[in-house]
A.B. asks: 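Handing you a structure now.
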Amino acid sequence: MGIAQLGYVGLGVSDLGRWEDFATRIVGLQIGDRAADGTLHLRMDEYYHRLILQPSGEDDLAYVGWQVTTPRALDELVARLEAAGVAVTEGSDEERAVRKVRRFVHFADPSGHRFELFYGSVLMTSAPFVPGRPIAGFKAGPLGVGHVVLMVDDRDATERFYLDLLGLRISDYGSGPVAFFHCNPRHHSIGIAVRGALPTNKRLRHLMLELQSLDDVGIAYDLCQKEALPITITLGKHSNDFMVSFYVETPSGFALEYGWGAREIDDATWEVTSYDRGDVWGHERIPRGASAGARSDESLARAAAARS
Ligand code: FE
């Protein structure tokens, strides 16, 4: 066994105050720890942290932490990467202290995204997760944080790297230049979209967190609209993972997908397919600058045309 789950996500942010309010009061995460330099460690389950918000100001992905099963699995993955000519660097003691793991290494994927492999997370078994607002909880644990969708330069090179070197498995392909990968029953822990195909200059397209209850997604949807937070994609259901979700812009500009009800993958029976479109229903893109919850001119025109 190699990679077991998406263990943590590091984000470099500029406005930690806004992030703290957003993460706790809207998203329902818990502040697990706060470092002297302002770094926020956010919890969503028994792990010491799942999101690490560092005050670097880049407002983008800093690193993706992949948890491996054992020390030997880490050694094997490092050997495979190095044999393929990938430069792998041992994490420093200082960095390791921030991540609260026994050991980690880092390297760059074909687009330069910083990936980390680690084992030995600290689990807070004596301090249960207490959500930042009343929710039934997140679906995480052995399924990991959720998923990230990253902007990449070359889909095929990235796909080969993720499959052949990291041992991730393909879930399916979308209608555009996108692909989705899994490492455990979660439908995808990472997705990729080719840069230029989507209107963003961020490395991180979005981060998805999954809730235990559909009501908690609906209540957050109401909360975002009440507080005029920028909803970028309305409530809807994805074709591939069946996730019912909406997307809201985070204080760093990239989106958070807040979802419920995704199906899981059993590798023994899974068949890889492609989809003609990304959504079964809903998930309307709201243009930047439109008010939260407002429908786009395009959709209003479509609705008017449908009525006439
Ligand atoms: Fe997603």
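For ligands, and for the atoms within them, numbers begin at 1 and follow the listed sequence.
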A.B. asks: Is H206 close enough to the Fe ion (ligand 1) to have an N, O or S atom under 2.8 Å?
C.D. replies: yes
A.B. asks: Does the side chain of W19 come under 3.5 Å of the side chain of S252 through a donor N or O and an acceptor N or O?
C.D. replies: yes
A.B. asks: Should the ring pair W270 and H182 be called parallel, tilted or perpendicular, given that the plane angle runs from 0 to 90° and is split at 30 and 60?
C.D. replies: perpendicular
A.B. asks: Under 2.8 Å from the Fe ion (ligand 1), is there any N, O or S atom belonging to H147?
C.D. replies: yes
A.B. asks: Does a side chain donor of either T273 or D172 reach within less than 3.5 Å of an acceptor in the other side chain?
C.D. replies: no
A.B. asks: Taking the six-membered ring for Trp, are the ring centroids of H283 and H238 within less than 6.0 Å of each other?
C.D. replies: yes
A.B. asks: So which of the N, O or S atoms of E257 lies nearest the Fe ion (ligand 1)?
C.D. replies: OE1
